[in-house]
Amino acid sequence: GILAELIEETAKNQFAKDSDQYRSPTKEEQKAWSKIVEDVLKNDLEKAEKSLKKLSASYQIVLFTDVSTNREYIVLHEPKIKSGWGIYVFDLKSKNPLIVEITHPVADARTEIEGIDAFLQTRANAFLMAGSHRRANKKETLCSQPGSANNSDAETTDYPESDVAHNTATVFQTTHETLINLQPKNVAVQLHGMIERAVCPNVFISSGTKTVTSNSSKLLSCLTKQKVEAGIFEGAAGSCPLGAQTNVQGRFSNGEKRDPCNSSVKTAPEPGLFIHVEQEPLVRRDSRSWQPLINALKCAFPE
């Protein structure tokens, strides 16, 4: 089949904003999921399938041959969404340390389509996408985040439990952590969408801290070579503020493995295992407009 079509269809069918349909996994379910991902990475698919059947009746493990790349992928997904935990794709033959993550499909318009395009072109080793709109549920995350209830701009500052970038009690976070623990050289790149801001360039990247790592610096250089207007977060006052310092995947990749839910990190270790990419709408418009960014990823992370 066509993997990009599966991803696009999954994103269209995700639990919608304010639906309150997203179901948070229990700690036991997260632990079981971690073992399933571990078995997938070991290519023990029979064991993974048995465990997945015990864990969830709605999830399936599928061997998927994409006709556009003629490569075989392992896909964990819900053909009919019941939990909204997301869709996960693994390329066991990949030699690329890159993981492509989409935490806000549809909410960050077209990042889901851009993300799978990036995954296929870079031959990254994994693709992670949330299965619910970031605001599917109204209940707030228990993780420490900027104040919200007393903020008049609550639409942009509240972080519900369905927002996987700001909640560790998710299958998305479990998958991220398992990939990083088992393959410590993996570099997670998250593609996000932002509104046009006068203080922000078209593409703004961050390590999740004020540290400019070698990998984030390399990506910035590759973006510049592609003639993309880009910048990088250094924490300077008056600059673009989107530094992703509260992103829980970033916290984990940057070394906060004990409690990424409530503890932030001040620096990112070298060479940099997490890169947060914010993009204005014109960059996410279509495949032609985001191709320079994918070229930059291929430049920074060649297979």
Applying the side-chain contact (heavy atoms from CB on, under 4.5 Å) test to Ile102, which of Ile116, Asp108, Leu191, Val164 qualifies? Leu191
What orientation do His176 and Phe274 show, parallel under 30°, tilted 30 to 60°, or perpendicular over 60°? perpendicular
Donor-acceptor pair between Gln30 and Thr174 side chains, under 3.5 angstrom: yes
Just checking, any donor-acceptor pair under 3.5 angstrom between side chains of Gln291 and Gln226? no
Between the side chains of Glu114 and Arg285, is the shortest nitrogen-to-carboxylate-oxygen separation below 4.0 Å, so that they form an ion pair? no
Among side-chain atoms of Asn167 and Thr170, is any donor-acceptor pair under 3.5 angstrom? no
Between Arg135 and Asp163, is there a side-chain N and carboxylate O pair less than 4.0 Å apart? no
Please confirm whether Tyr73 and Phe119 have ring centers closer than 6.0 angstrom. yes
Looking only at side-chain N and O atoms, does Gln190 offer a donor or acceptor that is under 3.5 Å from a partner on Gln249? yes
Give the other cluster members for Phe233, using side-chain heavy-atom distances under 4.5 Å between Ile, Leu, Val, Met, Phe, Trp and Tyr residues; answer none if it is isolated. Met194, Phe204, Leu242
Students often mix this up, so state it plainly: with edges at 30° and 60°, are the rings of Trp33 and Tyr59 parallel, tilted or perpendicular? perpendicular
Residues at least two apart in sequence or cross-chain that pass side-chain hydrogen bond (donor to acceptor under 3.5 Å, both in side chains) with Lys50, listed by chain then number, are none
The test is side chain to side chain contact (heavy atoms under 4.5 Å, CB included); show your working for Leu41 and Gln183 and say whether it passes. CA-CA 10 Å; Leu41 296 178; Gln183 300 172 349; 4.2 Å; yes
Using salt bridge (charged side-chain N to carboxylate O under 4.0 Å, His left out) as the criterion, list what pairs up with Asp117, not counting sequence neighbours. none
Between Asp20 and Lys138, does at least one N-O distance fall below 4.0 Å, as a salt bridge requires? yes
